[in-house]
Amino acid sequence: MIVNLTVRNSELEGLFMTAKKAWEGFSKGLIEEVHKWGSMKQTGVSLRYMMEFGSRPTARILLISAQFLHKELPIRIARRAIELQSLPYGLSYKPAVLKVRDWYLDSFRDFRSFQDIKDKSDVLEFTQMIKMIKVRHNNVVPMMALGVQQLKKDLDPKIDYKDLDEIHQFLDRFYMSRIGIRMLIGQHVALHDPNPLPDCIGYIHTKMSPVEVARNASEDARSICLREYGSAPDVNIYGDPNFTFPYVPAHLHLMVFELVKNSLRAVQEKFMDSDEVAPPIRIVVADGLEDVTIKVSDEGGGVPRSGLPKIFTYLYSTAKNPLDEHSDIDLGTVTTMAGYGYGLPISRLYARYFGGDLQIISMEGYGTDAYLHLSRLGDSQEPLP
């Protein structure tokens, strides 16, 4: 199927002028260097290696880590910057996407401007720089979501989301790469902590309790629900609180928070005007030989069968888009129950990053079960994306 944009010629000319003007802020030499580094092969690092490498963060270990990132991260960032300038359907020229591209070019320039890392002083300076780069990219996901929303306004409303596979595939690659970049930066920065938490190797908690993380994530999701609706269904968690395994707590928190948030919203809206007591959300943590599985179940009415193929796309949400309502404020301050259209696909990418997965099974008229499969990481030697 050929996808047509309902954009007037004058608007297209404006988009290209915007893109051309944006390039004027970057030298020809920088752009050539971006393409040079973007053609280099990136190096994958397994989680097992990260755990063994970071178990004793001596000055030499931190030096080697900084030297590796100094060469590796510009390759990954350059690849994303190149891809951001060649997206289909005019997505590259949306103001929000141009802003994200500029963040990547600025970060690439920062890396290439940094001197060779030779001693402890260089390591500390480099670590401060990558901390700032990580902060610079904090709002990449909502900003890209805003760009996609800007594109949706120009698309023919009759277009089927499955006909935009090219955009979905790009966003999957883009966000997966972002997860990897932030994992590498976060791991290196965390290894500099003089007082690390017990059983933690950088970002990785070697004895993480999924029940405890699920409890914290559920409490955070309920607080958002309480703020928006004035009440929130209960969340019941079943599983052994003493069971632990190696994982990244921040990643699990994000995934469970998103799933519970969706369930809370569905139940709250279904029973908002009912005399019945809203049924609780149920979380079950199961310890399997291959995976640790977390099931989040609700009785919020479910998703129609026709809607299931869309729930993992970046152009679909059953709620009103909050970015339309908050376009003039800092994206980092906007936290709502739903509407961005990236919560589930991003959560699935976080699960897949470590070899897991996310599956949704829904019964329309009753509720939804989300199965979050977490791969056991302790023995994994597979290179991470």
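Side chains included, hydrogens not; waters and symmetry mates left out as well; all remaining heavy atoms used.
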If only atom types and distance count, is the side chain of R79 paired as donor or acceptor with the main-chain N or O of M40 below 3.5 Å? yes
So, taking the atom named CG in L191 and the one named OG1 in T127, what distance separates them when rounded to the nearest 0.5 Å? 9.5 Å
With no hydrogens and no angle check, is any side-chain donor or acceptor of R76 less than 3.5 Å from a backbone partner on T43? yes
Checking the side chain of S92 only, and the main-chain atoms of S86 only, is there a donor and an acceptor separated by less than 3.5 Å? yes
Is any side-chain heavy atom of Q169 closer than 4.5 Å to one of E166? no
Does M363 have more than 12 heavy atoms from other residues, nucleotides or ligands lying within 6.0 Å of its CE? no
In the structure I gave you, are the side-chain heavy atoms of P233 and C225 within less than 4.5 Å of one another anywhere? yes
Flag the pair E33 and K36 as a salt bridge only when some basic side-chain nitrogen lies within less than 4.0 angstrom of an acidic carboxylate oxygen. no
Do L372 and V284 share a hydrophobic cluster (ILVMFWY, side-chain heavy atoms under 4.5 Å, transitive)? no
Just how far is it from atom OH of Y353 to atom OG of S375, taken to the nearest 0.5 Å? 13.0 Å
Could you grab the distance from atom OG1 of T368 to atom CD1 of I311, nearest 0.5 Å is fine? 8.0 Å
If you look at every heavy atom in M255 and A351, which pair is closest and at what distance? SD-N, 3.4 Å
Can you check whether F312 reaches L358 side chain to side chain, under 4.5 Å on heavy atoms? yes
Tell me whether D291 contacts the main-chain N or O of T293 through its side chain, where contact means a donor paired with an acceptor under 3.5 Å. no
Let me see the working for I346 and E258 under side-chain contact (heavy atoms from CB on, under 4.5 Å), right down to the final yes or no. CA-CA 9 Å; I346 289 287; E258 180 63 33; over 6 Å; no
Transitive ILVMFWY side-chain link V260 to Y371, under 4.5 Å: no
same_hphob_cluster(V141, W103) at 4.5 Å side-chain heavy-atom cutoff: yes
side-chain hydrogen bond (donor to acceptor under 3.5 Å, both in side chains) partners of residues 274-285, not counting sequence neighbours, each pair once: R282-E299
With a 4.5 Å cut-off on side-chain heavy atoms, are I77 and R112 touching? no
I want to check something: taking the side chain as every heavy atom from C-beta on, are I133 and F111 in contact at a cut-off of under 4.5 Å? yes
For Q42 and P385, work out which heavy atoms get closest and say how close. NE2-C, 4.0 Å
Verify the cluster assignment for L226 and L264: are they in a single hydrophobic cluster under the rule of side-chain heavy atoms below 4.5 Å apart? no
Minimal non-hydrogen separation, V97 against G147, with atom names: CG2-CA, 4.0 Å
Walk me through whether K270 and V267 qualify under side-chain contact (heavy atoms from CB on, under 4.5 Å). CA-CA 5 Å; K270 180 181 179 183; V267 172; 5.8 Å; no
So among Y342, Y314, F170, which one has a ring-ring contact (aromatic ring centres under 6.0 Å, His included) with Y175? Y314
Scanning both residues in full, the closest heavy-atom pair of P210 with I294 reads CB-CD1, 4.3 Å
Taking all heavy atoms of G239 and all of V211, pick out the closest pair and write down the distance. C-CG2, 3.9 Å
Looking at A232, is its backbone amide N or carbonyl O close enough to the side chain of R222 to form a donor-acceptor pair, meaning the two atoms are under 3.5 Å apart? yes
Heavy atoms, side chains only, cut-off 4.5 Å: are R352 and D357 in contact? yes
Which value, rounded to the nearest 0.5 Å, describes the distance between S223 atom OG and E228 atom CD? 10.5 Å
Kindly work out whether a path of hydrophobic side-chain contacts (I/L/V/M/F/W/Y, heavy atoms less than 4.5 Å apart) joins I64 to L384. yes
Value rounded to 0.5 Å, distance of CG in L344 from CG in L259: 6.5 Å
How far apart are the C-alpha atoms of E52 and R48, what are their side-chain angles, what is the distance that settles it, and do they pass the salt bridge (charged side-chain N to carboxylate O under 4.0 Å, His left out) test? CA-CA 6 Å; E52 292 176 351; R48 181 176 181 180; 3.2 Å; yes
Do any N or O atoms from the side chain of H70 and from the backbone of F114 form a donor-acceptor pair under 3.5 angstrom? yes
Looking at side-chain heavy atoms only, is the closest gap between L254 and S347 below 4.5 Å? yes
Give the C-alpha distance, both sets of side-chain angles, the deciding distance and a yes or no for side-chain contact (heavy atoms from CB on, under 4.5 Å) between V213 and V256. CA-CA 8 Å; V213 175; V256 175; 5.6 Å; no
Heavy-atom nearest pair, I360 first then A370, reads CD1-CB, 3.5 Å
When you look at D106 and R109, which way does the salt bridge (charged side-chain N to carboxylate O under 4.0 Å, His left out) test go after all the steps? CA-CA 5 Å; D106 286 339; R109 181 166 52 191; 2.9 Å; yes
What do the steps show when you test R136 against S107 for side-chain hydrogen bond (donor to acceptor under 3.5 Å, both in side chains), and what is the final call? CA-CA 8 Å; R136 174 188 291 153; S107 297; 2.9 Å; yes
Report the C-alpha distance between F126 and Q67 in whole Å, list the side-chain angles of each, state the deciding distance to 0.1 Å, and finish with yes or no for side-chain contact (heavy atoms from CB on, under 4.5 Å). CA-CA 9 Å; F126 177 78; Q67 290 172 336; over 6 Å; no
Say you draw a straight line from CD1 of I117 to CG of L63; how long is it, rounded to the nearest 0.5 Å? 7.5 Å
Given S65 and H188, is the side-chain hydrogen bond (donor to acceptor under 3.5 Å, both in side chains) satisfied, shown in steps? CA-CA 7 Å; S65 175; H188 175 80; 2.7 Å; yes
Set of residues satisfying ring pair (Phe, Tyr, Trp, His ring centres under 6.0 Å) with respect to F271, sequence neighbours excluded: none
Please work out which of the three classes, parallel, tilted or perpendicular, describes the rings of F174 and Y104, given edges at 30° and 60°. tilted
Could you pull out all donor-acceptor pairs under 3.5 Å where a side-chain atom in residues 178-187 meets a protein atom, sequence neighbours excluded?
residue	atom	partner	partner atom	Å
R178	NH2	H137	O	2.9
R178	NH2	N138	O	3.3
R182	NH1	K134	O	3.0
R182	NH2	N138	OD1	2.7
Q187	OE1	Y203	N	2.7
Q187	NE2	I201	O	3.1

In terms of relative ring orientation, are F245 and Y247 parallel, tilted or perpendicular, with 30° and 60° separating the classes? tilted
Can you tell whether the side chains of R215 and E219 come within less than 4.0 Å, N to carboxylate O? no
Quick one: does S231's side chain get under 4.5 Å of Q268's, heavy atoms only? yes
